[in-house]
Engineer: 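Below you will find the structure I want to go over with you.
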Amino acid sequence: MTKKIFLAGVFVLIISGCVSNTSKTAAGGLPEWVENPDALYPKRMYLTAVSSGSSLDEARQRSIASLSNIFSVNVKLDRRILEAYSEKKKADEKIDWEHSVNLVDRSVLASDNELINVRTGKTYFDEKTAAFYVLSIISKSETEMLYLEEIQQNDRSLANFYREAELSDNKISKLIYLKKCAEIIKIGEALRSVHRILSLTGDTPPLPIPKEAVRVELQKLKNITVAKIETSGSEREKLSSYLREVMDQTGFSTGEQNPDIIIKGNLDIIPLDFPREGEFVRWELTVDVTNAETGNTMNTYTASAREGHVSGESVKGRALDKVKEELNRTFYEHFASFLANK
């Protein structure tokens, strides 16, 4: 899932300045800081943004939005893995991944109560144009430490999970640990992208486990971790295709020989006769999963719903789209939770 993510967080520290008649330039124009904020707050020590508006609040929101844009970054984060596989750790061993994600997954927009450590440095009202000006600032040194601490905590979790993966003699357990590592690395990369902006000395630490090492290990494991898929029902071929897609996302290859997981699914789309215009169907899905090594079985997954449309082919297409969505979201989470607690 791709998101446009603005790096922001907690520890909000808003200091609202009062509208002031700051000294003007010699030419009698706007204060010097409007055009040159670095004169008051040097680039090496601060991030700054100046904006204007018809009100003080509007000018402040615009300047904060400008600051937030400095931190924007695209991050593909699969929360399904983080949420499902977090259940595997004991309460005192779990990582606080939500806190890390909050630092990289909150959309700041123009909200001054979400951007981390922002202060109002200067304000000014221009009587000639009836415009307000606001200079917003972020201290690099103060904010850098917050991200550095989060990076260090994230790195400890990454190293622990990778060590668990190396020590595991079970393919599925190893898969779970490595999938979690891959997501934690994404969080770590996002945190580092902020730290590089804030660092005064360019000392952003590298990842303790290289991203490529985890990718290679996952690919090797996928080649030997097999899910066998058996389907039935009126839409068995479509169901087989959808389940293969889910297994691919989870980290399994699909095949018949020596399976680690056996999946049996049934999908029927049943026409309904309603006394009104249009075509209606009901789809019914069941999926059973067995761990071939341990014999443990997942509680039967079931889902069903009714769909309607003006034509038969269209209503069937809508039903299949819903089934695919159901498998890629709710079933995926159900299946991942089963693996994590097998």
Engineer: Is the shortest side-chain heavy-atom distance between E189 and L207 below 4.5 Å?
Structural biologist: yes

Engineer: Charged N to carboxylate O below 4.0 Å: is that the case for R215 and E217?
Structural biologist: no

Engineer: With the threshold set at 4.0 Å, does a side-chain nitrogen-carboxylate oxygen contact exist between R163 and E166?
Structural biologist: no

Engineer: Give a yes or no on whether a salt bridge exists between D268 and R236, defined as a side-chain N under 4.0 angstrom from a carboxylate O.
Structural biologist: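 Not counted as a salt bridge, because no side-chain N and carboxylate O are separated by less than 4.0 Å.
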
Engineer: With a 4.5 Å cut-off on side-chain heavy atoms, are L47 and L198 touching?
Structural biologist: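 They are in side-chain contact.
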
Engineer: Mind checking what makes salt bridge (charged side-chain N to carboxylate O under 4.0 Å, His left out) contact with E58, not counting sequence neighbours?
Structural biologist: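 Result, salt bridge (charged side-chain N to carboxylate O under 4.0 Å, His left out) vs E58: R62.
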
Engineer: In this structure, would L191 and I70 fall into the same cluster of hydrophobic residues linked by side-chain contacts under 4.5 Å?
Structural biologist: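 In one cluster: yes.
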
Engineer: Applying the 4.5 Å side-chain criterion to the ILVMFWY set and letting contacts propagate, would V226 and L339 be lumped into a single cluster?
Structural biologist: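 No, because V226 and L339 fall into different hydrophobic clusters, even though each may have its own neighbours under 4.5 Å.
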
Engineer: Drop me the distance from L239's CG to K264's NZ, to the nearest 0.5 angstrom.
Structural biologist: 14.0 Å

Engineer: Please report the closest heavy-atom contact between S136 and S63, naming both atoms and the distance.
Structural biologist: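 Result for this residue pair: OG-OG, 2.6 Å.
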
Engineer: Take Q219 and N223, measure what side chain to side chain donor-acceptor pair (under 3.5 Å) needs, and give me the verdict at the end.
Structural biologist: CA-CA 6 Å; Q219 186 57 52; N223 293 337; 3.2 Å; yes

Engineer: Please report the interatomic distance CD1(I270) to OG(S304), rounded to the nearest 0.5 Å.
Structural biologist: 9.0 Å

Engineer: What is the minimum heavy-atom distance between T143 and I138, and which atoms define it?
Structural biologist: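 Scanning both residues completely, I find the closest heavy atoms to be OG1-CG2, 3.3 Å.
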
Engineer: Is it true that a side-chain atom of S240 and a backbone atom of E237 form a donor plus acceptor pair closer than 3.5 Å?
Structural biologist: no

Engineer: Would you call the rings of Y46 and Y41 parallel, tilted or perpendicular if under 30° counts as parallel and over 60° as perpendicular?
Structural biologist: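 Rings of Y46 and Y41: perpendicular, as their planes differ by over 60°.
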
Engineer: Quick one about N266 and T286 (side-chain donor to acceptor, distance below 3.5 Å, no hydrogens or angles considered), yes or no?
Structural biologist: no

Engineer: side-chain contact (heavy atoms from CB on, under 4.5 Å) for E245 and N328? Distances and angles first, verdict last.
Structural biologist: CA-CA 8 Å; E245 183 178 317; N328 278 280; 3.4 Å; yes

Engineer: Which atom names give the shortest non-hydrogen contact between T204 and H195, and what distance separates them?
Structural biologist: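 Minimum heavy-atom separation between T204 and H195: OG1-ND1, 2.7 Å.
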
Engineer: Does T123 reach the side chain of L56, with side-chain heavy atoms less than 4.5 Å apart?
Structural biologist: yes

Engineer: Does R192 use its side chain to pair, donor to acceptor, with the backbone of I151 at less than 3.5 Å?
Structural biologist: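 Here the side-chain-to-backbone pair does not exist.
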
Engineer: Calculate, to the nearest 0.5 Å, the distance between atoms OG and CD belonging to S234 and E284 respectively.
Structural biologist: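 Interatomic distance, S234 OG to E284 CD, rounded to 0.5 Å: 9.5 Å.
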
Engineer: Step through the shown structure and confirm whether more than 12 heavy atoms of other residues, nucleotides or ligands are within 6.0 Å of CG on D203.
Structural biologist: yes

Engineer: Do D38 and T48 come within less than 4.5 Å of each other through their side chains, counting heavy atoms only?
Structural biologist: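 In short, these two side chains touch, coming nearer than 4.5 Å.
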
Engineer: Could you walk me through whether T231 and L267 pass side-chain contact (heavy atoms from CB on, under 4.5 Å), step by step?
Structural biologist: CA-CA 8 Å; T231 57; L267 175 61; over 6 Å; no

Engineer: Compare every heavy atom of F252 with every heavy atom of I172, then report the nearest pair and how far apart it is.
Structural biologist: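 Closest heavy-atom pair between I172 and F252: CG1-CZ, 4.4 Å.
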
Engineer: Return the CG to NZ distance between L218 and K174, rounded to the nearest 0.5 Å.
Structural biologist: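 Reported to 0.5 Å precision, the distance equals 9.5 Å.
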
Engineer: Does S168 reach the main-chain N or O of E164 with its side chain, forming a donor-acceptor pair under 3.5 Å?
Structural biologist: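 No, the answer is negative, given that no donor and acceptor are paired below the 3.5 Å cut-off.
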
Engineer: Please give me the minimum heavy-atom distance between V281 and A319, naming the atom from each residue.
Structural biologist: CG2-CB, 4.1 Å

Engineer: What do the steps show when you test L320 against I269 for side-chain contact (heavy atoms from CB on, under 4.5 Å), and what is the final call?
Structural biologist: CA-CA 9 Å; L320 289 171; I269 296 181; 3.8 Å; yes

Engineer: Let me see the working for I137 and V118 under side-chain contact (heavy atoms from CB on, under 4.5 Å), right down to the final yes or no.
Structural biologist: CA-CA 6 Å; I137 64 172; V118 62; over 6 Å; no

Engineer: Minimum heavy-atom separation for V50 and L135, please, with both atom names.
Structural biologist: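 For V50 and L135, the tightest heavy-atom pair comes out as CG2-CD1, 3.5 Å.
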
Engineer: Could you check whether the rings of W33 and Y124 sit parallel, tilted or perpendicular, using 30° and 60° as the cut-offs?
Structural biologist: perpendicular

Engineer: Check this for me: does any side-chain nitrogen of one of E326 and K324 sit under 4.0 Å from a carboxylate oxygen of the other?
Structural biologist: no

Engineer: Under 3.5 Å, is there a donor on one side chain and an acceptor on the other for T129 and D126?
Structural biologist: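 Short answer, yes.
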
Engineer: In Å and rounded to the nearest 0.5 Å, what is the OG to CG distance from S253 to L221?
Structural biologist: 9.5 Å

Engineer: Can you list everything that forms a salt bridge (charged side-chain N to carboxylate O under 4.0 Å, His left out) with D248? Sequence neighbours excluded, please.
Structural biologist: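 Partners of D248 by the salt bridge (charged side-chain N to carboxylate O under 4.0 Å, His left out) criterion, ordered by chain and then number, come out as K222.
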
Engineer: Please work out whether the ring planes of Y301 and F331 are parallel, tilted or perpendicular, with thresholds of 30° and 60°.
Structural biologist: perpendicular

Engineer: Are L178 and I224 in one and the same hydrophobic cluster, where Ile, Leu, Val, Met, Phe, Trp and Tyr link if side-chain heavy atoms are under 4.5 Å apart?
Structural biologist: yes

Engineer: Determine whether S199 and K140 make a side-chain contact, defined as any pair of heavy atoms from C-beta on separated by less than 4.5 Å.
Structural biologist: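 Result no, sub-4.5 Å side-chain heavy-atom pair not found.
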
Engineer: Side-chain heavy atoms under 4.5 angstrom apart, residues restricted to Ile, Leu, Val, Met, Phe, Trp, Tyr: same cluster for F338 and I229?
Structural biologist: yes

Engineer: Using a strict threshold of under 4.0 Å (side-chain N to carboxylate O), is an ion pair present between D260 and K171?
Structural biologist: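 Judged by the 4.0 Å cut-off on N to carboxylate O distance, K171 and D260 do form a salt bridge.
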
Engineer: Quick one, D288 and I263 - any side-chain contact, counting heavy atoms below 4.5 Å?
Structural biologist: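 SC-SC contact between D288 and I263 ruled out.
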
Engineer: Between K186 and E183, does any side-chain N to carboxylate O distance fall below 4.0 Å?
Structural biologist: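 Salt bridge: yes.
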
Engineer: Count the heavy atoms of every other residue, nucleotide or ligand shown that sit under 6.0 Å from CD of Q152, and state whether that count exceeds 12.
Structural biologist: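 More than 12 within 6.0 Å, yes.
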
Engineer: Could you state whether V246 and I262 fall into the same hydrophobic cluster, counting links through intermediate Ile, Leu, Val, Met, Phe, Trp or Tyr residues with side-chain heavy atoms under 4.5 angstrom apart?
Structural biologist: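 Hydrophobic grouping puts V246 apart from I262.
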
Engineer: Checking K322 now: which residues fulfil side chain to side chain contact (heavy atoms under 4.5 Å, CB included) with it, not counting sequence neighbours?
Structural biologist: W283, E307, E325

Engineer: Hey, could you give me the CD1/OG1 distance between I64 and T120, rounded to the nearest 0.5 Å?
Structural biologist: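 Between atom CD1 of I64 and atom OG1 of T120 there are 6.0 Å.
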
